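Notes for the one structure printed next.
In the text below, chain A, chain B and the rest are named by the order of the sequence lines, each starting its count at 1. This is a predicted model, so every value here is computed, not measured.
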2 protein chains.
Amino acid sequence: MKDGPDIAHIAALIGDPARANMLTALMGGMALTATELSAEAGVTKQTASSHLSKLESGGLLTIRKQGRHRYYQLADSDVASLLESLMGVAMRTGHMRNRPGPKDPALRHARVCYDHLAGDMGIRLYESLLSKGFVQERAGEPDLTEKGRAFVLSLGLPLDAMTNKRRPLCKACLDWSERRTHLAGSLGAALLDHIYAKEWAERRAGSREVVFTAKGQRAFETCFG
Amino acid sequence: MKDGPDIAHIAALIGDPARANMLTALMGGMALTATELSAEAGVTKQTASSHLSKLESGGLLTIRKQGRHRYYQLADSDVASLLESLMGVAMRTGHMRNRPGPKDPALRHARVCYDHLAGDMGIRLYESLLSKGFVQERAGEPDLTEKGRAFVLSLGLPLDAMTNKRRPLCKACLDWSERRTHLAGSLGAALLDHIYAKEWAERRAGSREVVFTAKGQRAFETCFG
DNA sequence: TTCATAGTTCGATCCTAGTCGAAACAATAA
DNA sequence: TTATTGTTTCGACTAGGATCGAACTATGAA
């Protein structure tokens, strides 16, 4: 009767507001220290420490000691996409943490989802790859075509290094603000790196927001319109 | 201060073991009653009722009233895929629950649903009536065709007595074990009576179980295969 | 009608788990 | 060494919520 994975334990870990705030902060992909996360969560350092050790032993976070700091980050992209799923359901069921503020439209336009591009721009990127035949969906999962491989190489991206990893090259990730799919996986990450490298856009400090320059926006349209 | 969807609320809903058991039982789309779900969760009906109302107002479940039963099911496939994500992460992080108990395959095979046949056999009966053109679905509700009326009469069933009642002749009923539709209404009841009368099967005392004899199983196949 | 079953609401109890103060531990800098 | 900062451990307090018994409503059956 009671078999299979224990989802209650994992969900309970995410279900505490303080921990949820920490995890949301880590969706930006950057590793954060315990003190930074305590501020994000709005609790004292002691409390944050307790939460972080639970998240770590629960397998949701990994820890990297560096000097006297401890950098925490999401364990892997599966955890990130789980959180993204949660955001999608939470938003559709009308559970927002506050009324839409000024930061909200910016986040909807372009933001980081772990290590790849999400929001409207992320959707457009993915749709473009699909419509140009660079990526095909097979059984719901995206896959790079031959034509797509050539395109990726033409951008100067290290395709071999990407395909050798255990991480899938292409993965579909559900976008909570748009309710549509954008591209995750190592290709998704590489494309976001490309956008940074070309200086089309940059991260806004302390936020998941990705700010495109006017020139970068045009270049993006040219390349992925 | 915090923007974005409130994932903590949704995760906390899933994070209670009793609720998680209910949701797990509802995976796959089949609808269950409150009492059945209380048994799945291992709590009393009162407790289950409290949990279910929370899940419903949280947008994770929908209710479908049918007679004095309330069938609960997952709100949509997004919720299902969220649970699937959770299972994936729980599995990878080694959080399994192991409490094997007696499940009842006999009930899934054939049981009484009020007064008509449900379970796998009930599904097969209904599918047979559909494929032979005896019953047609119109606007989601089944209806007996002319050909079907002749068939019912050929079985020696009192069609007139059935049609005169206030109760509808044919009605679709949701099957919890198969997540599909089987036939209710006075025709559904009459067909189960027919099965009893022909001694193809009988009720097991004190249970909803319907036990087919070997000969009865064959006769059923011949008539409704 | 009366009885039985499905499900909810109320009230009380109990217990987990989040929280913080204080102190200890760890690692760097001067 | 001492001082400072980052982080964890311990202990105690407390609120929220899971739970169940009892009473209640609603629907269907006899």
Side-chain angles (χ1 to χ4, degrees), chain A residues 8-23 31-58 61-73, chain B residues 8-23 31-58 61-73 111-116 118 165-168 171 173-174 176 184-186 188-189 192-193 203 206-208:
Chain A
H9 183 227
I10 299 294
L13 283 176
I14 310 175
D16 177 76
R19 287 195 291 260
N21 284 341
M22 294 175 172
L23 291 168
L32 299 175
T33 66
T35 304
E36 286 168 334
L37 286 168
S38 74
E40 283 287 341
V43 294
T44 61
K45 296 176 201 177
Q46 309 94 286
T47 305
S49 175
S50 159
H51 287 312
L52 288 169
S53 72
K54 280 172 187 158
L55 288 172
E56 197 267 337
S57 65
L61 297 185
T62 56
I63 187 171
R64 208 174 63 215
K65 295 189 186 181
Q66 208 166 73
R68 57 183 163 181
H69 295 270
R70 296 196 160 190
Y71 284 96
Y72 288 90
Q73 58 188 107
Chain B
H9 183 230
I10 300 293
L13 282 177
I14 311 176
D16 177 77
R19 287 194 291 261
N21 283 340
M22 294 176 171
L23 291 169
L32 299 177
T33 67
T35 303
E36 287 164 337
L37 285 167
S38 73
E40 284 287 341
V43 295
T44 59
K45 292 188 233 179
Q46 307 94 286
T47 305
S49 176
S50 159
H51 286 312
L52 289 169
S53 72
K54 279 172 186 154
L55 288 172
E56 197 268 337
S57 64
L61 297 184
T62 56
I63 308 185
R64 209 171 115 181
K65 292 190 187 183
Q66 205 166 62
R68 57 182 167 180
H69 295 269
R70 294 194 162 188
Y71 282 94
Y72 289 89
Q73 55 189 143
R111 69 179 178 280
V112 168
C113 178
Y114 305 125
D115 57 2
H116 54 270
K165 287 186 182 173
R166 278 174 306 178
R167 184 179 186 190
K171 205 177 163 201
C173 184
L174 193 61
W176 65 259
S186 52
L192 180 58
D193 284 341
R203 283 287 296 274
S207 163
R208 296 172 63 189

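Side-chain contact between B:Ile63 and B:Leu52 is absent, with no heavy atoms from C-beta onward closer than 4.5 Å. B:Leu13 places none of its side-chain heavy atoms less than 4.5 Å from the side chain of B:Leu23.
Evaluation of the side chain to side chain contact (heavy atoms under 4.5 Å, CB included) rule for A:Ser53 yields no partner, not counting sequence neighbours. In this structure, the side-chain hydrogen bond (donor to acceptor under 3.5 Å, both in side chains) partners of A:Gln46, at least two apart in sequence or on a different chain, are A:Thr44. Annotation: side chain to side chain contact (heavy atoms under 4.5 Å, CB included) contacts of A:Glu36 (sequence neighbours excluded): A:Leu32, A:Thr33. Annotation: side chain to side chain contact (heavy atoms under 4.5 Å, CB included) contacts of A:Ala18 (sequence neighbours excluded): A:Asp16, A:Ala41, A:Val43, A:His51.
To the nearest angstrom, C1' of D:dG16 lies 14 Å from CG of B:Leu13. A:His51 places its NE2 atom 13 Å from the P atom of D:dT8, with the value rounded to the nearest Å. For A:Leu32 and D:dG6, the CG to P distance is 14 Å, given to the nearest whole Å. Counting to the nearest Å, the P atom of D:dT5 and the NZ atom of A:Lys45 are 9 Å from each other.
A:Thr33 comes within contact range of the sugar-phosphate backbone alone, with a heavy-atom separation under 4.0 Å but no base atom that close. At the heavy-atom level, A:Ala48 lies nowhere under 4.0 Å from the strands shown. Heavy atoms of A:Tyr72 sit under 4.0 angstrom from primed sugar atoms or phosphate atoms, though from no base atom.
Between chain A and DNA chain C, the heavy-atom contact criterion of under 4.0 Å yields a 5' to 3' nucleotide range of C:dG18 to C:dT28.
In terms of modelled atom types and a separation under 3.5 Å, the side chain of B:Arg19 and the main chain of A:Ala8 share no donor-acceptor contact.
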Anything under 3.5 Å between a protein N or O and an N or O of nucleotides 21-27 of chain D, put it in a table, one pair a line.
{"residue": "D:dG21", "atom": "N7", "partner": "B:Gln46", "partner atom": "NE2", "Å": "2.4"}
{"residue": "D:dT27", "atom": "O2", "partner": "B:Arg68", "partner atom": "NH1", "Å": "3.3"}

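One finds the CG atom of A:Leu61 at 13.5 Å from the NZ atom of A:Lys54 (value rounded to the nearest 0.5 Å). Atom CD of B:Glu56 sits about 11.0 Å away from atom OG of B:Ser49, to the nearest 0.5 Å.
Within the 4.0 Å cut-off from OP1 or OP2 of D:dT5, not a single side-chain nitrogen or oxygen of A:Thr35 is found. Residue B:Thr47 has a polar side-chain atom (N or O) positioned under 4.0 Å from OP1 or OP2 of D:dC20. Between D:dA18 and B:Lys54, a contact under 4.0 Å exists linking OP1 or OP2 to a side-chain N or O.
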